[in-house]
Number of protein chains: 2
Amino acid sequence: MTPLTDKAPKFTRDLPEARRKQLIEATARSLARHGMEGTTVRVVAAEAGVSPGLVRHHFAGMHDLIAETYRWTGKEVDRALRASLAAAEQTPEAQLRAFVDSSFSEPMLDTDLLGVWLTFWSLTRTDPEIHAIHGKVYAGYRRRLEELIRELAVERKLKVDARVASLAFTALLDGLWLEHCLDASTFTAREAAMIAHDWVDNLIAGRFLAGAKQALSA
Amino acid sequence: MTPLTDKAPKFTRDLPEARRKQLIEATARSLARHGMEGTTVRVVAAEAGVSPGLVRHHFAGMHDLIAETYRWTGKEVDRALRASLAAAEQTPEAQLRAFVDSSFSEPMLDTDLLGVWLTFWSLTRTDPEIHAIHGKVYAGYRRRLEELIRELAVERKLKVDARVASLAFTALLDGLWLEHCLDASTFTAREAAMIAHDWVDNLIAGRFLAGAKQALSA
DNA sequence: TTGTGTATTATACAATCGTAAAATAATGAT
DNA sequence: ATCATTATTTTACGATTGTATAATACACAA
């Protein structure tokens with residue numbers, strides 16, 4: 001049974017880049033399934049199918065791996081969003097609609113993503129490095145929305161504070177996304193999308209903060 | 001220096017109820033400051049000024065203490081909200097406005113509260129007991145809002161789906177609250193309140209899901 | 001003042017954590 | 001075919017985790 005001449009490798013080597021990616025993806029899966037406390041060096045290694053020691057060979061430590069996983073997840077979400085927008089019609093409204101639709105369909109609806117995101121939000125409060133990453137991720141996230149709303153305002157000749165509108169929009173999307181993923185039994189992804197589209201309807205109709213201008217200087 | 005007749009007690013006894021409350025509050029502070037991973041039996045005990053062993057004397061275990069802290073925090077938030085509503089005018093609109101205002105002022109704005117809440121949200125995904133508590137807390141939370149919107153609709157003769165409207169409202173509030181507490185530099189609590197009040201404005205004007213009825217049955 | 005209950009502390013223990021170091025072996029170059 | 005590189009595994013260590021148990025001593029009743 002034991003091969004004499006032919007030897008089966010005990011493990012296969014991989015390029016550092018590829019291995020790092022595998023470990024990052026394993027970390028994301030672990031964070032989603034077991035949370036922060038359940039995500040240990042050994043669990044991640046087992047999930048990736050490698051030995052625990054390999055983690056410290058490719059990353060400075062567990063903390064570094066977590067931070068790197070945040071950066072990767074952020075880029076992944078950004079990539080999915082960007083792809084949806086690219087596939088849609090290149091008008092401000094169509095882009096906003098595409099943003100809504102992709103926010104409430106795969107792979108965004110993956111409840112695992114929320115698990116990962118929640119631990120990052122939680123870490124944001126205590127960890128300065130994670131906090132910095134969070135700032136960058138959300139800055140890009142909102143900058144794009146703000147720009148879309150600004151273009152929409154010009155196109156439709158609307159008087160809207162693009163910054164505040166983008167804040168309201170992201171808050172609504174995040175809130176809907178959060179609560180749907182937390183407990184999908186309360187409302188469907190379709191209802192969430194409907195609510196968000198309705199917000200866009202009102203924005204286009206010039207009904208966002210239409211009568212509250214004086215509240216700003218009050 | 002050492003007192004001969006007068007003896008200083010090494011510790012003071014307390015009623016189980018009082019001690020449990022102290023430990024729960026210490027747990028909340030620890031969750032806010034150090035997150036889930038940093039909240040250990042010893043840290044909580046130190047925060048409460050008692051010995052680590054006392055935790056297991058009053059609670060079945062660390063997990064039980066966390067769950068109990070969720071129940072307590074949920075009631076505490078509910079109490080603060082209820083007090084604000086009671087102090088406000090007893091009309092549906094005034095009640096909704098009070099709900100908004102108290103959501104973006106002390107003690108709700110306490111960034112520590114978000115820290116606690118985030119760990120609970122995170123636990124909701126993996127822990128069945130925490131998930132059940134979450135369901136109860138949010139059910140009451142939304143039931144009150146749904147009822148207020150229903151009353152508002154009757155009073156103003158509006159055709160609104162109170163259930164969906166309450167979902168949108170809580171999502172907007174939670175999203176604004178979450179993102180403001182995560183990074184207070186992006187927008188102020190006042191702006192958050194302004195956005196939420198604007199949503200109420202549009203609701204009263206009958207502009208919530210005004211043109212999307214057919215989308216429901218599509 | 002002397003007991004009695006039990007809240008509280010003190011100590012101990014097995015399990016698991018992140019990390020460090022050495023041993024091994026797969027892979028490409030010579 | 002042999003070597004050198006280094007990705008990977010293996011083993012080990014100190015620190016910390018939650019929990020269990022025993023010892024202590026506060027508070028109250030008699």
Side-chain angles (χ1 to χ4, degrees), chain A residues 2-24 26-27 30-31 33-69 119 123 126-127 129-130, chain B residues 2-24 26-27 30-31 33-69 119 123 126-127 129-130:
Chain A
T2 311
L4 297 173
T5 58
D6 200 345
K7 44 187 175 183
K10 293 188 175 179
F11 58 86
T12 56
R13 282 195 169 203
D14 227 330
L15 290 170
E17 281 180 88
R19 211 53 116 172
R20 282 174 62 93
K21 186 180 176 184
Q22 293 169 22
L23 287 169
I24 285 174
T27 304
S30 176
L31 284 177
R33 283 208 269 275
H34 317 112
M36 181 68 218
E37 45 170 349
T39 300
T40 69
V41 175
R42 289 161 181 83
V43 168
V44 169
E47 179 71 34
V50 296
S51 79
L54 195 61
V55 172
R56 277 261 324 157
H57 185 263
H58 288 291
F59 295 91
M62 197 58 198
H63 181 266
D64 182 40
L65 176 55
I66 301 282
E68 221 54 45
T69 303
T119 56
L123 253 45
T126 52
D127 193 316
E129 186 181 358
I130 299 286
Chain B
T2 311
L4 297 173
T5 58
D6 200 344
K7 45 187 175 183
K10 293 188 177 181
F11 59 86
T12 55
R13 284 198 167 199
D14 227 331
L15 290 170
E17 281 182 270
R19 213 48 122 173
R20 284 174 62 93
K21 186 180 175 184
Q22 293 169 22
L23 286 171
I24 285 174
T27 303
S30 176
L31 285 176
R33 283 208 270 274
H34 317 112
M36 183 66 217
E37 45 169 349
T39 299
T40 69
V41 176
R42 289 163 180 81
V43 168
V44 169
E47 178 71 36
V50 297
S51 80
L54 194 62
V55 171
R56 279 263 322 160
H57 184 262
H58 289 291
F59 296 91
M62 197 59 199
H63 181 267
D64 181 40
L65 176 55
I66 300 283
E68 219 57 44
T69 302
T119 56
L123 254 46
T126 52
D127 193 315
E129 186 181 359
I130 299 286

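Per chain, numbering begins at 1; letters A, B, ... match sequence-line order. What you see is a predicted model; the values in this text were computed from it and never measured.
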It should be established whether B/Arg19 places a side-chain nitrogen or oxygen under 4.0 Å from OP1 or OP2 of nucleotide C/dA7.
no

Determine yes or no for a side-chain-to-main-chain donor-acceptor pair under 3.5 angstrom, with B/Thr27 supplying the side chain and B/Leu23 the backbone.
yes

Closest nucleotide of DNA chain D for A/Leu54 versus for B/Gly38: which of these residues is on the 5' side?
A/Leu54

Nearest whole angstrom, please: distance from the P of D/dA7 to the CZ of A/Phe59.
13 Å

Any side-chain heavy atom of A/Glu68 sitting closer than 4.5 Å to one from A/Arg20?
yes

How long is the line joining CE of A/Met62 and C1' of D/dT16, in whole Å?
16 Å

Find out whether B/Leu31 and B/Met36 are in side-chain contact, i.e. whether some heavy atom of one side chain is under 4.5 Å from a heavy atom of the other.
yes

Please state whether the phosphate of C/dT8, meaning OP1 or OP2, lies under 4.0 angstrom from any side-chain nitrogen or oxygen of B/Ser51.
no

Could you pull out all residues at least two apart from B/Glu47 that satisfy salt bridge (Lys or Arg N to Asp or Glu O under 4.0 Å)?
B/Arg29, B/Arg33

Could you tell me the separation between the OG atom of A/Ser51 and the NE2 atom of A/His57, rounded to the nearest 0.5 Å?
10.5 Å

Heavy atoms only, 4.0 Å cut-off, all strands: where does A/His63 land among base, sugar-phosphate and nothing?
nothing

Check the distance between C/dT8's P and B/Arg20's CZ and give it to me in whole angstrom.
12 Å

In whole angstroms, the gap separating P of C/dC17 from NE2 of A/His34 amounts to 12 Å

Students often get this wrong, so: under 4.0 angstrom with heavy atoms, is B/Val50 touching a base, only sugar-phosphate, or nothing?
sugar-phosphate

What distance separates A/Leu123 CG from A/Glu129 CD, expressed to the nearest 0.5 Å?
10.0 Å

Round to a whole Å and report the spacing from CG of B/Leu65 to P of D/dT17.
15 Å

Tell me whether B/Arg42 contacts the main-chain N or O of B/Ala46 through its side chain, where contact means a donor paired with an acceptor under 3.5 Å.
no

Is there a donor and acceptor pair closer than 3.5 Å between the side chain of B/Arg42 and the base of D/dG18?
yes

In whole Å, what is the span from the CG atom of B/Leu15 to the C1' atom of C/dA7?
10 Å

Rounding to an integer number of Å, can you tell me how far B/Arg56 CZ sits from D/dT17 C1'?
14 Å

What protein N or O atoms touch nucleotides 27-30 of chain C N or O atoms at under 3.5 angstrom, if any, and at what distances?
none

Can you tell me if A/His57 touches the phosphate of D/dT8, counting only side-chain N or O atoms and a distance under 4.0 Å to OP1 or OP2?
no

Between P of D/dT17 and CE of B/Met36, the distance in whole Å:
12 Å

